Every structure is written in structure tokens, then in C-alpha cells.
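The structure appears below as C-alpha cells.
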Number of protein chains: 2
Amino acid sequence: MKEGPDIARIGALIGDPARANILGALLGGKALTATELATEAGITGQTASSHLKKLVDGSLLVQTKQGRHRYFTLAGPEVAAVLEAVMGLAAHKGHLRVRTGPRDPAMRAARVCYDHLAGDMAVRIFDSMQSRGFLRVTQEKSGLGLTERGEAFVCEAGIDLKGLKSARRPLCRACLDWSERRSHLAGSLGAAFLAKFQNEGWMRRERDSRVVQITPIGNERLVKLFPAP
Amino acid sequence: MKEGPDIARIGALIGDPARANILGALLGGKALTATELATEAGITGQTASSHLKKLVDGSLLVQTKQGRHRYFTLAGPEVAAVLEAVMGLAAHKGHLRVRTGPRDPAMRAARVCYDHLAGDMAVRIFDSMQSRGFLRVTQEKSGLGLTERGEAFVCEAGIDLKGLKSARRPLCRACLDWSERRSHLAGSLGAAFLAKFQNEGWMRRERDSRVVQITPIGNERLVKLFPAP
DNA sequence: TTCATGGTTCGATCCTCGTCGAAGCATTCA
DNA sequence: TGAATGCTTCGACGAGGATCGAACCATGAA
């Protein structure tokens with residue numbers, strides 16, 4: 001016993017319903033204030049404050065204070081990845097009583113995963129890119145990279161690849177989708193794609209939710225840009 | 001709030017120290033009896049029984065009774081992957097007081113991750129295979145597959161590739177290593193590799209531990225078979 | 001049948017931790 | 001300066017759950 005890192009600390013942090021709701025809300029990627037998170041989790045401000053303190057101490061969240069507000073975010077992409085992975089377990093092992101909420105179909109179609117896209121469309125994009133030989137296995141930390149043809153495609157799509165490459169963060173990363181149980185694209189490139197889709201007006205985020213709506217024009221463009229293999 | 005699967009259930013299961021110890025022990029891949037798990041977690045039989053019931057109800061474990069013994073195992077590779085991922089968070093976000101146990105260096109060098117190899121040597125194997133073009137990105141559920149050259153290499157190494165392919169389980173899968181924070185090879189091929197290494201006498205499992213000792217001969221062979229990129 | 005071993009169930013105890021009310025800082029605005 | 005808002009700390013309450021002793025089933029051996 002007591003081999004390896006202390007897994008129980010993290011588990012206990014995720015294990016409380018109120019904290020789980022907070023983490024789930026922050027999976028949307030936006031920074032939220034303490035009161036916003038309190039209402040999101042259905043608890044009072046005092047309780048939220050206590051929970052947030054624990055989450056920050058446990059290094060799952062980071063806080064930045066701005067004026068008299070205090071904004072909270074997930075501590076990084078690794079945290080988001082773990083949360084999605086746990087969701088994958090919960091969805092398929094969770095006694096099959098996955099009481100699907102009203103927005104569940106929309107969530108499965110397209111949603112935000114911290115800073116990139118997840119769901120049906122995200123998996124489609126990943127599949128399309130791989131079938132055209134844009135992705136390759138690398139020995140970087142992330143294990144995934146772009147081929148030459150992939151780089152050409154990305155540049156042509158109007159993404160500043162040089163800028164992304166110069167950043168410290170890994171360019172590509174495979175993130176396991178809890179609804180599809182297949183990989184979608186994460187990393188700085190995944191984030192850049194999501195930003196582009198929103199700027200182009202192809203996608204629109206639902207207010208106070210992880211759900212992403214794909215506009216008709218967006219759908220048309222995306223289907224062309226990422227044909228099914 | 002309440003979007004997506006119920007993440008708190010899983011978190012609470014992992015969050016108790018006794019249960020975390022049980023899960024950690026079962027990461028070794030071997031089926032263990034209730035009493036073995038009780039001593040492993042440092043609790044009495046009664047409490048262990050209660051915890052095991054919860055873990056089975058939560059679908060993290062499966063039990064098979066054999067005679068008057070009751071053997072427990074992790075419910076599948078997905079569970080093991082999530083546990084390793086959580087360990088990754090705990091190791092690097094965990095307040096840096098990762099009180100490294102006495103066997104910690106050995107764990108980092110080579111250990112069992114459910115049914116395949118993890119740690120330094122496992123990452124080396126993954127890197128070597130990718131640099132020689134044996135792995136490619138696929139659109140399967142796992143997102144990873146073998147190239148033609150990779151298949152040739154695996155067959156030449158004396159592994160029954162056809163048998164593995166016919167199984168339902170994905171052949172290749174990238175599993176995130178908590179000690180190295182890089183990918184190593186999981187899936188049925190990863191399991192087959194570990195089995196081969198043990199049969200050949202290249203590796204030996206430490207008793208009641210996840211630690212794997214690499215024999216001198218094994219080290220020699222492995223370095224030849226998987227040269228550093 | 002009788003005994004021993006592995007596991008479970010029940011009940012009681014104890015303690016952690018989530019929760020909220022009230023009061024207290026901090027910051028911004030009028 | 002005062003008033004309002006955002007958030008934290010303190011204290012008390014209560015529930016849930018982890019733990020173990022004791023008694024109880026099930027299986028296998030003598």
C-alpha cells in the first residue's frame with residue numbers, strides 16, 4: 001500500500017457534489033467568479049468559498065483577483081483531461097442511469113472542453129484529419145503532431161501556426177471524448193480551431209453552458225473543410 | 001449545473017484512502033481476495049467488505065468467486081487508465097510533497113499498469129517504436145494503430161498478431177504515464193509485450209507490488225530491440 | 001458431522017465534513 | 001465619507017459514512 005502518488009486527495013476533491021458541479025462548470029473554459037460558481041452549484045456563498053479554497057489548495061483551480069471579483073479557472077489542460085476521462089467512466093459504468101438532461105443531445109453534438117471543441121463534430125474533425133494524413137505519432141510529451149501536409153492545411157485555414165509552435169504548450173494532443181469514447185483534438189491547435197470557428201461565426205456558445213451551437217453556415221463550411229473519411 | 005455524467009460518484013469512490021489503496025493494489029493487474037485487499041489497505045475484513053461492495057456497485061471493480069474465495073479485479077483497462085491519469089495530477093499538482101516511498105525509483109523505472117508496462121522503460125519502447133515509423137494515428141476508438149512495418153516488427157518479435165487482432169479489444173492504445181508524463185503503449189499489444197518480456201525472463205514482477213525488475217539479460221535485449229531514437 | 005476459514009451483515013460509535021447564519025474585510029461607487 | 005457589493009472567516013449544527021466488535025452464512029477439510 002501507499003505506492004505512487006496520493007490518489008485519494010484528488011478523488012476526494014472531485015467526490016463532493018458541490019465541488020463536482022463547480023469543476024463541471026469550469027470545464028466550459030470561461031473564468032467564473034465565486035458567486036457565479038455558488039449559484040451554479042446550488043449553494044450559498046460561504047460554502048462555495050470553503051470549497052474553492054480547497055480546490056485551489058489542491059491545485060485543481062487557480063484564482064486571479066480583479067477588482068472586487070475573484071475569478072477561478074481550471075489549473076490547466078491536464079485537469080480538464082482528467083475530468084473528461086472520469087466523465088467517460090461515469091457515463092458508461094455509471095449504472096446506465098445516466099439521467100440525460102434536456103441539453104444532453106446538444107452536449108453530445110458539440111461542447112467546449114476547457115479551451116477546445118469536444119463531441120460529435122470534434123470527433124469528426126479528428127477522423128477527417130487523420131484519414132487525410134495530417135496527423136502523426138511523435139515522441140513529444142503529447143505523442144501527437146502534424147505532418148507536412150497537415151501543417152500546410154492548417155496554415156491554409158488561416159491559423160498562425162508559427163505563433164502556436166513558439167508557445168510552450170504542446171501543439172497537438174488527443175483528448176478522450178466521454179460521449180463518443182473516441183479521440184478529439186486538443187492542445188494549442190485545438191484551441192486555435194475553436195477560436196477560429198467562433199470568430200468566423202460558425203459556432204456560438206450557449207450562455208452559461210458548455211453547449212456549442214453550430215450555425216447552418218458553419219455546418220456547411222465544416223462539412224466541406226473536414227469531409228468524412 | 002448537472003451537465004454531463006455524474007462525476008462525483010466516481011470521485012467519491014476514489015476519494016476514500018482505504019478504497020484508494022485497494023484500487024492502487026489492483027493496478028498491479030492481479031486478482032486479489034478480499035482479505036488480501038484488507039491487509040493491503042490496512043483495515044479489517046468487515047470494512048473492506050463494505051468498501052468492496054461499493055466499488056463493485058460503482059462498477060469500478062468486478063468480482064469472481066472461486067470456491068470460498070472472492071477475487072476482485074479492476075473492471076477494465078479504462079478504469080486503470082483513469083487511475084493513472086489521476087495519479088499524474090496528484091504527482092505534479094500534489095503540493096510537491098510527493099513523499100517518495102522507498103520503492104519509488106523502482107516504480108519509475110518499470111511497473112505494471114493493469115496488464116501492460118509503464119514507467120521509464122515503457123516510454124522508451126513507445127518512443128523507439130514511433131521513431132521507426134511503427135505507429136500511426138488511426139480513426140479507431142483507440143486512435144492508435146500499427147503501420148505495415150510495425151506489424152512486421154511485431155510478428156518478427158514472436159507475437160501472435162492475428163490472435164490479437166481478432167479480439168474485440170483495441171490493439172494499441174496510448175496510456176499517459178504518471179511518472180514520465182509521456183505516453184506508453186497499452187492495449188492488447190501492450191499486454192502481449194509485457195507477457196513476452198516475462199516469459200523470456202527479461203522481467204520479473206516483485207511480490208505484492210507493481211514494481212517490475214528488469215534482469216541484466218532483459219535490459220541487454222530490450223536496449224537492442226528498442227534502440228533510443 | 002464437526003471444525004476451520006473466508007466473507008458478509010448488523011449495530012453502535014465516532015468523527016469528519018458539508019452546510020448555513022452572522023459578522024467581518026475589502027473594494028468600488030456615489 | 002458613507003453605502004453597496006463581493007467574498008471570507010467564525011461558529012454551530014447535523015448528516016453521512018468510515019470503522020470495528022460480534023454474530024451470522026458459506027464453503028471446504030477432517
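In the text below, chain A, chain B and the rest are named by the order of the sequence lines, each starting its count at 1. It should be emphasised that the depicted structure is a prediction, and the values quoted were computed from it without experimental measurement. The figures that follow rest on heavy atoms only: side chains count, while hydrogens, waters and symmetry mates do not.
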For [X] and [N], what is the distance between atoms [atom1] and [atom2] respectively, to the nearest whole Å?
{"X": "A/Leu52", "N": "D/dT9", "atom1": "CG", "atom2": "P", "result": "11 Å"}
{"X": "A/Asp57", "N": "D/dT8", "atom1": "CG", "atom2": "P", "result": "12 Å"}
{"X": "A/Lys54", "N": "C/dG18", "atom1": "NZ", "atom2": "C1'", "result": "7 Å"}
{"X": "B/Arg19", "N": "D/dA18", "atom1": "CZ", "atom2": "P", "result": "5 Å"}
{"X": "B/Leu32", "N": "C/dG7", "atom1": "CG", "atom2": "C1'", "result": "16 Å"}
{"X": "B/Lys65", "N": "C/dT5", "atom1": "NZ", "atom2": "C1'", "result": "16 Å"}
{"X": "A/Arg9", "N": "C/dT16", "atom1": "CZ", "atom2": "P", "result": "16 Å"}
{"X": "B/Gln66", "N": "C/dG7", "atom1": "CD", "atom2": "C1'", "result": "16 Å"}

Just checking [X]: does its [atom1] atom have more than 12 heavy atoms from other residues, nucleotides or ligands closer to it than 6.0 angstrom?
{"X": "A/Arg182", "atom1": "CZ", "answer": "yes"}
{"X": "B/Lys53", "atom1": "NZ", "answer": "no"}
{"X": "B/Arg169", "atom1": "CZ", "answer": "yes"}

Discussion item. For a quick check of understanding: with a heavy-atom distance under 4.0 Å over all strands, which category does B/Ala48 fall into, base, sugar-phosphate or nothing?
Written reply: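 If one applies the 4.0 Å heavy-atom cut-off, B/Ala48 turns out to touch nothing in the nucleic acid.
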Worksheet item: Base, sugar-phosphate, or nothing: which does B/Thr47 touch, judged by heavy atoms less than 4.0 Å apart?
Response: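 Here B/Thr47 touches the bases of the nucleic acid.
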Discussion item. When you measure from the side chain of A/Arg70 to the backbone of A/Lys65, do you find a donor-acceptor pair of N or O atoms at a distance under 3.5 Å?
Written reply: no
Item to complete: Measure from the side-chain N and O atoms of A/Arg124 to the backbone N and O of A/Phe226, and report whether any donor-acceptor pair falls under 3.5 Å.
Response: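 Indeed, once roles are kept as given, a pair shorter than 3.5 Å links the two residues.
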Nucleotide nearest [X] (side chain, heavy atoms from C-beta), chosen from [options]:
{"X": "B/Ile43", "options": "D/dT9, C/dG18, D/dT19", "value": "D/dT19"}
{"X": "A/Thr35", "options": "D/dC7, D/dA18, C/dT9", "value": "D/dC7"}
{"X": "B/Arg68", "options": "C/dT5, C/dG18, D/dT9", "value": "C/dT5"}
{"X": "A/Ser49", "options": "D/dA18, D/dT8, C/dT9", "value": "D/dT8"}
{"X": "A/Arg70", "options": "D/dC7, D/dT27, C/dG18", "value": "D/dC7"}

Discussion item. If you compare every side-chain N and O of B/His69 against the phosphate oxygens of D/dG28 (OP1, OP2), does one of them come in below 4.0 Å?
Written reply: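 Negative; the distance criterion is not met.
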Discussion item. Side-chain N or O of A/Lys53 versus OP1/OP2 of D/dT9: is the shortest distance under 4.0 Å?
Written reply: no
Discussion item. Under 3.5 Å, is there any donor-acceptor pair linking the side chain of B/Gln46 to the base of C/dG7?
Written reply: no
